[in-house]
**Q** 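One structure coming up, written as structure tokens, with questions to follow.
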Amino acid sequence: MSTKSPAGQATQPFWSTRYGIATTVALDNAAARSLQAYGEWAEQETTLLSALLDEGQTVLEFGGDFAAHALWMSQVVGPHGQVHLAEPRRIRFQQACANVAINGLDNVFTHPVWLGRGKGQASLASLTPLGRAGTDEKVRIATVDSLRLDALHLLKINLSHALVDTLAGAGETIRTHRPLIYARLSGLDEAQSEVEAIKALGYRVWSHVPYLYNANNHSGSDVNIFPGVVQQNVIAAPADGHFEFAERLEL
Amino acid sequence: MKVSSPPPEKGHPALLRLVLVAALAPTLVGCADAPDHEAERTRRARQMRDVARMLDAMESPAPPVVASQPVATNPRVAPSPAARDAATPERHVASAPAWRWSFLAGSGGLATLFAVIVRRRRRSRAPVAEAPSVAPFFAEPPASPVAVEPSARRALNPTWVYRKTSYETPGLHMIPSAVDLLVPTYEPVSPESDAGGTYLLAFLADAAGDHGPFLVGDTRFPRLRRADATTTHLLAWREILDAQLDDDGDDGRLARWILPSLETELANDLPHREAASRLAAIEDEARARQARAAHAEPSFAASLVPVRLARIARMSGATRLFALRALAAESAGATDPCLLDAHIEVLLAWSSWSLAATASARLDDADAAACTLATFDGAWSARARHRRGDIRIRRAALRRATDGLDDLDEAQRLLDEAYERMPDAETALLAARAAERRARCLPPEEAASICSDALVHAFLAEQHPAWRRDAQACRRDVQRLYESLPHDPSPTNDEIP
């Protein structure tokens with residue numbers, strides 16, 4: 001495990017994480033800080049989703065998070081499965097690719113695109129308020145349907161303010177493969193419309209609120225740098241399927 | 001309260017006065033002048049006769065029947081002397097002088113007085129008959145305690161009589177001996193005895209008592225069930241097992257089989273991180289013992305499954321999944337029934353940590369392994385049916401309520417077969433759970449009868465202390481379910497024949 005410099009920047013080229021090696025990045029976001037402090041990111045999401053994934057399945061993840069989750073999903077689906085990782089931000093995309101490469105993940109496929117309603121280009125700031133001031137960039141827009149996936153078992157959307165547009169461009173894929181959907185909600189203003197967009201596809205939706213701090217973290221750290229912080233996520237399954245999630249709040 | 005009749009002496013002062021009057025009256029008459037009118041004498045004589053008859057009537061009362069007969073309606077009743085005298089007023093004794101009559105009357109009066117006094121004295125001496133009283137029925141018990149012999153005191157205990165009510169639990173056919181598979185009748189033997197065999201089981205059962213831990217399932221490869229055992233109870237067992245670890249006989253083999261499970265339970269009492277390191281040490285120690293053993297034990301890997309599952313339970317995220325995959329891969333393809341059963345245990349644990357199709361896939365794998373286990377004879381065949389019934393129940397839980405009914409029906413059938421072959425409490429409890437969940441999927445009229453079936457199985461499972469708590473919880477669930485069903489009100493006591 002690397003140490004943290006007084007300036008808050010990493011001083012070693014790699015972090016040893018729970019599911020592989022990760023290149024050090026600037027600690028200007030929660031995912032990077034968690035990888036640096038705990039050797040893992042949003043582990044409670046991992047706990048839930050690893051109970052849903054199986055070998056040979058296909059996953060599409062929108063928002064790379066430095067491939068932190070692609071590392072374990074690649075192992076879960078195994079050599080006969082696939083993990084598709086879409087990351088529109090140029091540097092983030094390259095950092096994710098680096099982690100995929102140094103861990104030798106043959107079954108991970110990366111896509112430098114924003115998954116939206118149609119094809120084209122747009123500034124990142126026009127799509128999402130994620131970018132900091134002065135970091136806006138043009139990104140390429142594509143639809144999920146345009147990826148022409150042979151199978152899809154899980155659609156995982158990490159970026160906020162992206163859910164409705166992504167689903168709008170994934171109609172054919174969702175109708176064909178009926179994947180599970182796991183998404184981060186975008187806040188008070190958009191949560192209702194986002195849940196309605198999922199239900200409009202014939203899905204049932206349950207709430208999932210994982211804490212960012214995992215007491216049983218990989219580094220064994222007792223220091224909680226995310227005290228009380230949770231993510232507002234949802235998990236959705238086709239209403240005509242057998243999926244039951246009785247212990248979760250259905251929305 | 002005491003009620004008694006008034007004393008008989010109270011009515012006699014008036015009687016005495018009458019007698020005295022009767023005695024003095026003739027004397028006065030005798031002292032009167034001789035030339036009294038004849039009519040006056042006749043009247044007074046009649047009065048004296050009336051007084052005498054009145055006295056006779058008072059001394060000897062007439063029978064009530066006769067007294068109550070109306071005189072006018074009885075023609076045979078003779079007229080009274082007074083009436084006869086009144087009818088013949090002209091009859092006189094003119095020849096007798098007056099003093100003679102007076103003397104005779106006075107003598108008669110005195111004689112009468114004497115007779116009355118004598119009679120009264122006799123009556124006062126004679127015992128007075130007690131009048132009937134209700135007092136004895138309300139008599140208080142004696143205030144002073146009565147000395148009773150100890151044996152007599154015991155005999156005074158009340159005898160309780162229980163009446164049937166509508167709330168009475170129906171009678172059950174209990175087979176307690178059938179579920180006590182692993183607890184032989186304990187006979188104190190010396191630990192140094194070289195007889196071998198079941199001594200270890202007897203010692204463990206004696207140390208456990210009713211709180212546990214317990215050994216359940218197959219007698220050769222029993223499974224540890226903690227129940228209400230505390231750390232102290234587990235430590236007592238560990239001391240017994242440690243003493244047998246180096247034995248080459250059955251006791252040694254059994255001790256080496258049980259100890260990893262026991263150590264796992266002890267590790268569960270430790271804080272999270274200490275437990276993780278302790279579990280790793282337990283696995284290392286078991287492997288070291290196996291390496292030192294004179295004979296390789298095919299079932300050794302199965303004895304480590306509880307330890308490894310406990311370690312996996314402490315993992316998070318995909319780490320748990322990867323560890324489960326590795327463990328399942330090790331036990332896959334086993335041909336020994338003990339290892340096969342352990343493989344099923346791993347798959348069931350995996351399915352319990354999975355969701356939806358992933359969990360269903362693990363259950364399919366477990367069912368395939370259970371079908372292989374069913375090809376073995378004896379208890380393993382019953383165990384395989386138990387496993388398959390369990391798998392059906394879990395599969396039904398992954399579906400919506402009514403969609404899982406087919407699986408629950410099949411589970412009930414398999415568990416009934418398993419119980420018929422091996423009637424143990426664990427199977428009875430599982431059958432009760434299957435019935436309870438079936439009842440939830442059925443209309444009320446069918447659910448009621450299935451609830452009673454579930455209650456019977458839950459009662460059977462309660463007979464073994466290892467499963468008592470779970471069985472009671474199951475019974476409560478069934479009772480709540482039954483009470484929630486719309487049905488006719490229970491018959492009252494009056495309606496029960």
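Values in this document were obtained by computation on a predicted structure and should not be read as measured data.
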**Q** Between A/L49, A/N216, A/N214, which residue shows the highest count of heavy-atom pairs closer than 4.5 Å to chain B?
**A**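 Winner by heavy-atom pair count: A/N216.
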
**Q** Report which part of A/A215 has an atom under 4.5 Å of a heavy atom belonging to chain B: side chain, backbone, both, or neither.
**A**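 A/A215 touches chain B through backbone heavy atoms alone.
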
**Q** Contact part of A/L53 toward chain B, heavy-atom cut-off under 4.5 Å: side chain, backbone, both or neither?
**A**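 Looking at A/L53, just its backbone touches chain B.
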
**Q** Check whether B/T358 reaches the backbone of A/L52 with its side chain - one donor and one acceptor, N or O, closer than 3.5 Å.
**A**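 Yes, B/T358 side chain to A/L52 backbone: donor-acceptor pair under 3.5 Å.
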
**Q** Tell me, out of A/Q44, A/H218, A/Q75, who's got the most heavy-atom pairs with chain B below 4.5 Å.
**A**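 Top option by heavy-atom pairs under 4.5 Å: A/Q75.
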
**Q** Examine distances only and state if a side-chain atom of A/E40 and a backbone atom of A/R18 form a donor-acceptor pair shorter than 3.5 Å.
**A**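 Flag not set: sc A/E40 to bb A/R18 has no pair under 3.5 Å.
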
**Q** Would you give the length of the straight line joining atom OG of A/S50 to atom CG of B/L355, rounded to the nearest 0.5 angstrom?
**A**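 The CG atom of B/L355 is 9.0 Å from OG of A/S50, to the nearest 0.5 Å.
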
**Q** Does the distance from a Lys or Arg side-chain N to an Asp or Glu carboxylate O, for A/E45 and A/R184, drop under 4.0 Å?
**A**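 Yes, A/E45 and A/R184 are salt-bridged.
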
**Q** Need one label for B/A361: side chain, backbone, both or neither, based on atoms under 4.5 Å from any heavy atom in chain A.
**A**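 Side chain of B/A361 only, per the 4.5 Å heavy-atom cut-off to chain A.
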
**Q** Quick check on side-chain contact (heavy atoms from CB on, under 4.5 Å): which of B/L363, B/D367, B/L408 does B/R392 satisfy it with?
**A**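 So, applying the side-chain contact (heavy atoms from CB on, under 4.5 Å) to B/R392 and each of B/L363, B/D367, B/L408, only B/D367 qualifies.
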
**Q** Can you tell which part of B/A357 gets under 4.5 Å to a heavy atom of chain A, answering side chain, backbone, both or neither?
**A**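 Neither; nothing under 4.5 Å.
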
**Q** Given a strict heavy-atom distance threshold of 4.5 Å, which part of B/R273 is in contact with chain A: side chain, backbone, both, or neither?
**A**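 The answer is the side chain of B/R273.
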
**Q** Can you list every pair that meets salt bridge (Lys or Arg N to Asp or Glu O under 4.0 Å) and has a residue in residues 442-454 of chain B, with sequence neighbours left out?
**A**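 For residues 442-454 of chain B, and leaving out neighbouring residues, there are no salt bridge (Lys or Arg N to Asp or Glu O under 4.0 Å) pairs at all.
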
**Q** Against chain A, work out which of B/R320, B/H272, B/R325 has the most heavy-atom pairs shorter than 4.5 Å and name it.
**A**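 The residue among B/R320, B/H272, B/R325 with the greatest pair count is B/R325.
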
**Q** Taking B/F322, B/W350, B/W353 one by one, which has the highest count of heavy-atom pairs under 4.5 Å against chain A?
**A**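 Greatest number of close heavy-atom pairs with chain A: B/F322.
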
**Q** Please flag which part of B/L321 lies under 4.5 Å from any non-hydrogen atom of chain A: side chain, backbone, both or neither.
**A**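 Only the side chain of B/L321 comes within 4.5 Å of chain A.
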
**Q** To the nearest 0.5 angstrom, please state how far the NE2 atom of B/H386 sits from the CD1 atom of B/I391.
**A**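 Reported to 0.5 Å precision, the distance equals 10.0 Å.
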
